[in-house]
Amino acid sequence: MPKAYEPQNYEDAIYSAWEESGFFNPDHLEGEPFSVMMPPPNVTGVLHLGHALENSLMDIMIRYQRMCGKKTLLVPGTDHAAVATQARVEKNLVKEGHPHPREEFGREKLLEMIRAYAEQSKGTILTQIRKMGTSADWSRLAYTFDEARSKAVTEVFVKMYQDGLIYRGHRVVNWSVKGQSTCSDDELVYVDRPAKLYTFKYSSDFPFTIATTRPETKLGDTAVAVHPSDERYQKYLGQTFEVNFCGVSLKLRVIADEGVDPLFGTGALGVTPAHSGVDFEMYEKQKALGEEIALIEVIGTDGHMTTQTGERYEGLSVEEAREKVVACLKEQGLLVSEEEIEQSVGSSDRFGDVVEAIPLTQWFVAVNKEIPGRGKTLKELMKEAVTVGHQGDPEKKVRITPERFEKSYYSWIDHLRDWCISRQIWWGHRIPVWYRGEEVFCGKENPEGDGWTQDPDTLDTWFSSGLWTFSTLGWPEQTNDFRTFYPTTWMQMGYEILFFWMARMILMSTYVLDEIPFKDVYIHGMLRDKDGQKFSKSLGNGIDPIEVVNKYGADALRFSLIAGVSPGNDAKFYEEKVEAGQHLVNKLWNISRFVLTSVENVQAVASVKPQTAADQWILSRFSEVVEKMTLNMKNYEFSAAGELLRDFTWNDFADWYLEIAKGQRQTDKEKTDAILLFILERLLVLWHPFMPFVTEEIWKQFETDTMMIIHPWVTDLPSVEEGENKFTFVQDCIVAIRNLRAQYKVEPAKFIEAVIVHKDKALFLREQEALIKQLARINILKIEESAEQPEGSVSTIVGDVKIFVPLAGLVDGEKEKAKLEKERQEVEQYLASLEQKLSNRDFLSKAPEQVVESLKEKKKEAEKKLNTIIEQINFL
RNA sequence: GGGUGCUUAGCUCAGUUGGUUAGAGCGUCUCGUUUACACCGAGAAGGCCAGGGGUUCGAAUCCCUUAGCACCCACCA
C-alpha cells in the first residue's frame, strides 16, 4: 500500500466495478424496499456544489440502507427545465449574433438546437453524478421529457381536464416581455429598485388625488377604489366620473374595496383591471356583483402601448409612455407630488426582465375547486398530507425534517391561487388540446379528422416535475416497480424548492394516485461561499465539484459537505474543509496500512477476546459507536454520525489504541492483531456510506466481494467474548505513570526513571517490565519489595502498588507552584459548589437519582484531584 | 405588515426530549516524532453561550423582551 491515499488512482475503477456488480439495481437485492428519487438536475449546464451536497446525502442514505439489507432504489434523472433551458439556449444564440432566435429559426429548428444542448448537458451531468460515487440505478435513468415521462404528463393533464380541474381562463397573468411567455407567481423574483411615487389628479375637476408608480398604466384605469368605511369618500361611492386624462378619456367609477388601506397615501386607489393582479380581482368582484367596470388593455405583449391608448401613446414603450404622461401631468398642473421610494418589483427568474401584468387566455389548475367524487379541493389534499396524513390516515403522512418547514408550507398553501400552467415557449410538453373552429378536444391521442390545430403552448416544467415520484416508476403503466416502491421512502431537497416542487409532488400524488409521494422529506440548507454569499454565475464565485473531486477525491468532498452541518440551515463551503476531509480519508488509509502491513495474516475475524483493559475499552467504545450511529442515521443526523466515526477513528482507535497495540504485540501479537483486524474491518463498514471509495479499496485486502451490499455490522454490535484480562494491572500502572507525568509537567519526550515498589506484584512486574517501558515510554529504574520513598520524588497509588517518579527534569518549580495554587482554588470552588448542591434538600428530592449519583461521583473525583494537587504543592 | 431562522472559542459550526466545570474542525502557542500517517503525535491558551427579565433544585437549551443579521411570504397602490 502506498504511503498516501491518492483517490485519482482508484475512484473510476471502483465505480465501474460497482456498476458491473449490478447492486445499484434493486432487482439484484432482497429485503424491504427503500426508494429515493433523485431530484433531477436541470439540463441547463453543469452540476454545482448544491448537487454535490444532494448526491452525498442521498448516497449516504441509500448505501446505509442497502448495507442494512434493504432493497434500495435510487433513480437518477434529469429535468428538461422548460423555460430555463430555452432561455439559456436563446441567450447563447443572441450572444452568437442571432438577436431573434425564435423568428430566425422557427419552432422545429430551435427545438432541435435546444434538444442538442440538453443532450450534451445531460451527458455532462450524469458523468458528474458518477464522479460523486452516487450509487444510482442507471438502468432506470429517467428524464422529465422522455417518452415514458411525457406519457404520464399527458395522462394527468387529461384526467385533470376531465375532472374540470384544468381550465382555460382569461385573466391577468405575469408576462415576461423578454421571454414572450407567462410565468407563475412562484417563478417571480422580487427585486428592490428605486422608483418614483407620483401623486396626481386624473383631471382638474376630479375630486381626489391618487398615487402610483406606474402613471402610464393609469391610461387603463376604469375605477377608483376606496375603503368602504372611509368617510371622506362616502358621498362619491357608486358615482362615475368622466375625465380626460392626458388626452385619453376615461370613465372612472368610485368603488369600495376592503383591500384598500385608508391610511396609505390619499386612501384612494386607481384601479387598472388589465395590468394589476389585485385590480383584476376587484374587477372580478364587481362583475360578480353585477356592477361590471371596464377592462382596458393599454400594454401589449410586446411591452408597448396598445391602440387603446390612442394616437398619442400607441406604440410607445412603457418607459416612453410614462415620461410622456408625467410630462403631461406636470404641464396641466395635475401632479401633486413626486416622491422617491424603494419598490419591490417582480421579475422573471429566467429572463431577468420585470414582468408585466397582462390579461391573457391561459391554462390553469384550479386549486380551490372540489374534485369530483372526492369532496375535497387540491389545496385541501396538499395540506392534509402534511397535517394529519392523506385521508386522515396517519400512516400516509409526509414527515418533514426539520419540522419548522411545515409551518411555511401551510402558509404558502393558504395563499395559493390557481396555478397558471401554460407557457408560450416551445421547449416543453405541448398541451394536449386541439381546436377546430369552436370545437375543443383534449385527449391522450391526436383527435380524429382533419382541420385540428394543437394548442401552441407548452406546460410549466413543474407540472412534469410534480409527477416525478411516480412517473419514474413507469406510471401510468401498472409496473412492478410502481407496486414495489411506491410511495417512495425518503426524499431530500433544498428549502428553496419546497413550494415549487414538494408541494406539487404532494398535489399530484394525492390527486392522481390517492397516495402520498414519500414518507419522509429531509430539508437541507444552501451552500454559500466563505463570505456567506450565494454561489452564483453573476458573482463568479461558482465552484465546480468535479474540480474539487479531482483535487481531493470524492470521499473528502462528501465528508466536508455533511460534517458540521445541520438540517435546514445554510452552510459555508471552503477549501480548508475539504482539506480536513482529505486528511481524515488519508488517516483511515494509513491506519489500515499500518494494520494490514504489520499483521501476520490478514483475514476476517469473527469474534475476539479482549486480553487487556485497553482491549476491553476500545471494544466497548466501538460498540457504543455502532449503537450511536444507528440512532443518528435513524434521525437523519448525518453530521453527528460522521463526526462520531471521525472521533472514534482518529482519537480512540488511531491515536490511542494503535499505540497501545504496538506495545501489547510484544507480549501477545496474535491476539492483539486479531482485535486490530476485527475493529478495522467493521470500521470500514461503518465508514462506507460516507466514504465509499477509500473503504472499498481497503476492503479488498479483506474480502474479494464488494462491501456495498448487506452488512449486519452496520447496526449489529460486535461480538466480543469474555476475556482473561491479565494485563489490566499493567495497563493501570501505565495510565497512572502517564498521568503522574502529565500532572508534573514532565516533558513527555524525556524518558523518566520511575521506581515501582511492591511486595507481591514485584515478580509479575518484572515480567512485564519491557511492556511497561514501551507503553508508558519510561525507564523502570528498579522494582523493589519494600517501599522507602526516594528523596525528591512524587508518588501515585495503583491498587496496592505505589509508584514513585523522581522529580528530576521538572520545569520551573515556582511557576508550577503558582499554577497549582490556582488550580487548587478552582477545584476547591468546584467542590464547594458540589457540596452545596448535594446538601440542598430541594435538589435531592426533585432531581432524578442518576443526576445525584453522577454528582457524587464527580465529588469523589474532585476530592481525589484536590488531594493530588495538595500533595504536589507540598513537594515543590 | 406577517412569519421563520440565526447570534456559542480568533474563524467555520455542532450541542438530540432542560441534568450540572460547554464540544469539534481549522487557526495560534509549546514540546516531540521522521519504520502507519508532517495529510503526524503529546499538550496548552482561548467562551459571563448577543443584552435584559422570568420559570426551575438546575437553563446555551423553555417563556417574555430588546438589539443586530439573514431568509421567506404578502395586493402599500
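Computed from heavy atoms alone, side chains included, the values below leave out hydrogens, waters and symmetry copies. Every chain is numbered from 1, with letters handed out A, B, ... down the list of sequences. All of these numbers come straight from a predicted model, not from anything done at the bench.
The OG1 atom of Thr217(A) sits 7.5 Å away from atom NE2 of His275(A), with the distance rounded to the nearest 0.5 Å.
The two residues Gln836(A) and Ser839(A) make their nearest non-hydrogen contact at O-OG, 3.0 Å.
The shortest distance between the side-chain N/O atoms of Arg593(A) and the OP1/OP2 oxygens of C37(B) is below 4.0 Å. In terms of phosphate contacts, Trp650(A) brings a side-chain nitrogen or oxygen within less than 4.0 Å of OP1 or OP2 of G41(B).
For G23(B) and U65(B), the P atoms lie 32 Å apart once the distance is rounded to whole Å. Nucleotides G2(B) and U61(B) place their C1' atoms 27 Å apart, quoted to the nearest Å. Remark: the separation of the C1' atoms in U17(B) and C62(B) is 12 Å, to the nearest Å. Between C75(B) and A50(B), the two C1' atoms lie 37 Å apart (nearest whole Å). Remark: the separation of the P atoms in C57(B) and G18(B) is 15 Å, to the nearest Å. The same atom, P, is picked in C76(B) and in A67(B); the two are 24 Å apart, to the nearest Å.
Under the rule for a side-chain hydrogen bond (donor to acceptor under 3.5 Å, both in side chains), the partners of Asp418(A) that lie at least two apart in sequence or sit in another chain are Tyr167(A). Listed by chain and number, the residues in a ring pair (Phe, Tyr, Trp, His ring centres under 6.0 Å) with Phe200(A) are Tyr202(A), Phe245(A) (sequence neighbours excluded). By the salt bridge (charged side-chain N to carboxylate O under 4.0 Å, His left out) test, Glu828(A) pairs with Arg824(A), sequence neighbours left out. Scanning for ring pair (Phe, Tyr, Trp, His ring centres under 6.0 Å) contacts around Tyr283(A) gives Phe280(A), with sequence neighbours left out. With sequence neighbours excluded, the residues that form a side-chain hydrogen bond (donor to acceptor under 3.5 Å, both in side chains) with His524(A) are Glu54(A), Gln492(A). Applying the side-chain hydrogen bond (donor to acceptor under 3.5 Å, both in side chains) test to Asp520(A) and every residue at least two apart in sequence or in another chain returns Arg399(A), Tyr636(A). Qualifying side-chain hydrogen bond (donor to acceptor under 3.5 Å, both in side chains) partners for Asp279(A), counting only residues two or more places apart in sequence or in other chains: Ser276(A). Residues meeting the side chain to side chain contact (heavy atoms under 4.5 Å, CB included) test with Gln825(A), sequence neighbours left out: none.
With A24(B), A36(B), A77(B) as the choices, the nucleotide that has an atom nearest any side-chain atom of Gln343(A) turns out to be A77(B).
Within residues 582-592 of chain A, the residues approaching RNA chain B are Gln582(A), His583(A), Asn586(A), Lys587(A), Asn590(A), Ile591(A), by heavy-atom distance under 4.0 Å. A heavy atom lying under 4.0 Å from RNA chain B marks the following residues of residues 208-220 of chain A, by number: Ala211(A), Thr212(A), Thr213(A).
If you take CZ of Phe648(A) and P of G23(B), they are 21 Å apart, rounded to a whole angstrom. In this structure, the NZ atom of Lys662(A) is 11 Å from the P atom of G41(B), given to the nearest Å. Per the geometry, CD belonging to Glu579(A) stands 21 Å off P belonging to A24(B), to the nearest Å. At whole-Å resolution of the value, NE2 in His227(A) and C1' in C76(B) are 14 Å apart. Rounded to a whole Å, the CG atom of Asn174(A) is 13 Å from the C1' atom of C75(B). Straight-line distance from the CD atom of Glu659(A) to the P atom of A36(B): 9 Å, rounded to whole Å. The distance from atom CD of Glu6(A) to atom C1' of C37(B) is 14 Å, rounded to the nearest whole Å. Atom NZ of Lys196(A) is separated from atom C1' of A77(B) by 18 Å (rounded to the nearest Å).
At a threshold of 4.5 Å between non-hydrogen side-chain atoms, the residues Phe573(A) and Leu561(A) count as touching.
A salt bridge links Glu576(A) to Lys530(A): at least one charged side-chain nitrogen sits closer than 4.0 Å to a carboxylate oxygen.
Of the residues Trp419(A), Trp412(A), Tyr409(A), the one that meets the ring-ring contact (aromatic ring centres under 6.0 Å, His included) test with Phe499(A) is Trp412(A).
The aromatic rings of Trp589(A) and Tyr5(A) sit tilted relative to each other, their planes meeting at an angle between 30° and 60°.
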Each nucleotide of nucleotides 5-20 of chain B classed B (base within 4.0 Å of a protein heavy atom), S (only sugar-phosphate) or -, in 5' to 3' order, makes S------SSS-B--BB
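Both Arg417(A) and Lys534(A) lie close to RNA chain B; mapped to their nearest nucleotides by heavy-atom distance, the more 5′-ward contact belongs to Lys534(A).
Ala4(A) comes within contact range of at least one nucleobase, with a heavy-atom separation under 4.0 Å. Within 4.0 Å (heavy atoms only), Leu844(A) reaches no atom of the nucleic acid at all.
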Once Watson-Crick and G-U wobble pairs under 3.5 Å are found, how is RNA chain B written in dot-bracket notation, 5' to 3', with | for any base paired to another strand?
-> (((((((..((((.....[...)))).((((((....).))))).....(((((..]....))))))))))))....
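Shown here is Glu853(A), whose CD atom has more than 12 heavy atoms of other residues, nucleotides or ligands within 6.0 Å.
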